[in-house]
There are 2 protein chains.
Amino acid sequence: MRDELTHAVEDYLKIIYDLTQSQGRASTTQIATALEVTPASVTGMIKKLAATCPPLLEYQRHRGVVLTPEGEKIALEIIRHHRLLELFLYETLGYSWDEVDAEADRLEHVISEEFESRITAVLGDPTHDPHGDPIPSPDLEMPSHATLCLRELRPKQSGTIQRVRDGDAELLRFLHAHGVVPQAGFTVLAYEPFDGNLTLQIEGRPAPVVLGPRVTRQIFVERIEEEQIP
Amino acid sequence: MRDELTHAVEDYLKIIYDLTQSQGRASTTQIATALEVTPASVTGMIKKLAATCPPLLEYQRHRGVVLTPEGEKIALEIIRHHRLLELFLYETLGYSWDEVDAEADRLEHVISEEFESRITAVLGDPTHDPHGDPIPSPDLEMPSHATLCLRELRPKQSGTIQRVRDGDAELLRFLHAHGVVPQAGFTVLAYEPFDGNLTLQIEGRPAPVVLGPRVTRQIFVERIEEEQIP
DNA sequence: CACCAAATTTAGTCTAACCTAAATATTGAT
DNA sequence: ATCAATATTTAGGTTAGACTAAATTTGGTG
Ligand SMILES: [Mn+2]
Ligand SMILES: [Mn+2]
Ligand SMILES: [Mn+2]
Ligand SMILES: [Mn+2]
């Protein structure tokens, strides 16, 4: 199909896709932080990616980048590989949910379309990875997903955990130990304005858990409206 | 354990291991041909690999290379990855035996020891890949394997197919279509000295098959001594 | 035993992707 | 509006791994 892209280019596009989902554009420094390279390296790479034919991103000096449709397509292919692989490692090979991200980060660049379609079949055309993130469909449509951050909720509000950022393995082990996993129901019991801590009762758990903002920022939820009490 | 090696280095060591199994040393040109790079590139790389601490191979100008024990250990790790992956793709994901080599050639460099041990468990600690090649054990001992080439056999001699070189997908499809697969029993019916053709009756097959030397050179067998007829 | 063809090495380039240090642009606070 | 802090770009350099073209070594043959 397309001429081969390097792993580095694929990682840039994947990260830029993520960053531009939240904000409108991705800045040099944000990209550099996410990829653990220097801002100078990012400037060099994005200039190159903006100069390809067709361009993979649109770049304005000092103003960051957005992906072009071509760049977005490639980003979605890689994200599909990544999330399918995570689920495959989790379901078929018995990995725990804190181990899959690192392995998928390397495998995503080397599997063939054949491999992709074989594991899709084994997994039954799945729509979500082990952290609740949506898997782009085979024709690269990204399913809609929860954007409400747990950090925004306040006491008495209820909901279900939808997805959890998967970059930090230690955080994932902590959350798993407390039952904070996709589909878990919860109610907010308390909020501390000073430190931003939230106390949560997870459904079916013996005791509540207290989560700081560094944690709640990584978790996305769906609200369940309280039954109206007159 | 060891500081990361590049994919290129791993491919050099893997190929050099293969070449030195047949002959004593691997020449620059042989390595270049196998890796599809120029001889000049090979000279550059082997000088570097001979100069590492500890050296991964022993190099004499104009005289080719042999692996050191350290180089051989790395080669065996990669070969173990490769053959386990081939079997995994074949058994678990349903690949055909002509598709697995190309996919494993890319995956072998990126899977973790975790991945290796998970698929080892799924496959039940296997000893042979889909082409009959031996899989080095977890502590990197290479099982013994057939070294008798089918090309050497002559009429009336019988044996079983043990392994088939896996680099050429088209050849593998051809052999599969004629039942020339590991463990198949056969008897040589005829030999043509002029063109080197062998006519083989494969056990359980309706008709004999004629194989030229380009093919029989790729196949290794075990003899079965004929029952003594007085 | 000298010479030629083949194999191999040397020398000089190239690209991809990273880096550091220095220069410059942007922005928000006075 | 000014200026310092921050963000970004430029300039110059490194490493890995490849290439081509030009030397050089080797080994077999006349
Ligand atoms: Mn990656
Ligand atoms: Mn994930
Ligand atoms: Mn390889
Ligand atoms: Mn094989």
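Note: hydrogens, waters and symmetry copies are ignored here, and every other heavy atom, side chains too, is used. Naming convention: chains lettered A, B, ... in sequence-line order (proteins, then strands); numbering from 1 in each chain.
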Expressed in angstrom and rounded to an integer, what is the separation of A:L5 atom CG from C:dA16 atom P?
12 Å

Just call it for A:T43: base, sugar-phosphate, or nothing, with non-hydrogen atoms closer than 4.0 Å on any strand.
base

I need the CD1-P distance between A:I31 and C:dC18, as an integer number of Å.
12 Å

Whole angstrom is fine here: how far is it from CD in B:E4 over to C1' in D:dG17?
17 Å

What is the distance, to the nearest angstrom, from the CG atom on A:L35 to the C1' atom on C:dA16?
15 Å

Give the rounded distance in Å between these two atoms: CG of B:L49 and P of D:dG17.
8 Å

Could you tell me which residues satisfy ring-ring contact (aromatic ring centres under 6.0 Å, His included) with B:Y191, sequence neighbours excluded, listed by chain and number?
none

side-chain N/O A:S27 vs D:dA7 OP1/OP2, d < 4.0 Å
no

Atom pairs under 3.5 Å: protein N/O with N/O of nucleotides 18-28 of chain D:
from: D:dA18; atom 1: OP2; to: B:Y12; atom 2: OH; distance (Å): 3.3
from: D:dC19; atom 1: OP2; to: B:T38; atom 2: N; distance (Å): 3.0
from: D:dC19; atom 1: OP2; to: B:T38; atom 2: OG1; distance (Å): 3.0
from: D:dC19; atom 1: OP2; to: B:S41; atom 2: OG; distance (Å): 2.5

With A:Y90 via side-chain contact (heavy atoms from CB on, under 4.5 Å) - residues at least two apart:
A:W97, A:V100, A:P130

Using the side-chain heavy atoms of A:Y59, tell me which of these nucleotides is nearest: C:dA16, D:dT9, C:dT9.
D:dT9

Which residues share a side-chain contact (heavy atoms from CB on, under 4.5 Å) with B:D168, sequence neighbours left out:
B:E170, B:L171

Is any side-chain N of the basic residue among B:D105 and B:K14 closer than 4.0 Å to the acidic one's carboxylate O?
yes

Has A:K47 got a side-chain N or O lying under 4.0 Å from the OP1 or OP2 atom of D:dT10?
yes

The ring-ring contact (aromatic ring centres under 6.0 Å, His included) partners of A:H109 (sequence neighbours excluded) come to A:H7

Please test A:L153 against A:L148 for side chain to side chain contact (heavy atoms under 4.5 Å, CB included), starting from the C-alpha separation and ending with a verdict.
CA-CA 9 Å; A:L153 295 210; A:L148 176 61; 3.9 Å; yes

Under 4.0 Å between a side-chain N or O of B:K48 and OP1 or OP2 of D:dG17?
yes

B:I46 has an atom CD1; how far is it from atom C1' of C:dT10, in whole Å?
13 Å

Checking B:A121 now: which residues fulfil side-chain contact (heavy atoms from CB on, under 4.5 Å) with it, not counting sequence neighbours?
none

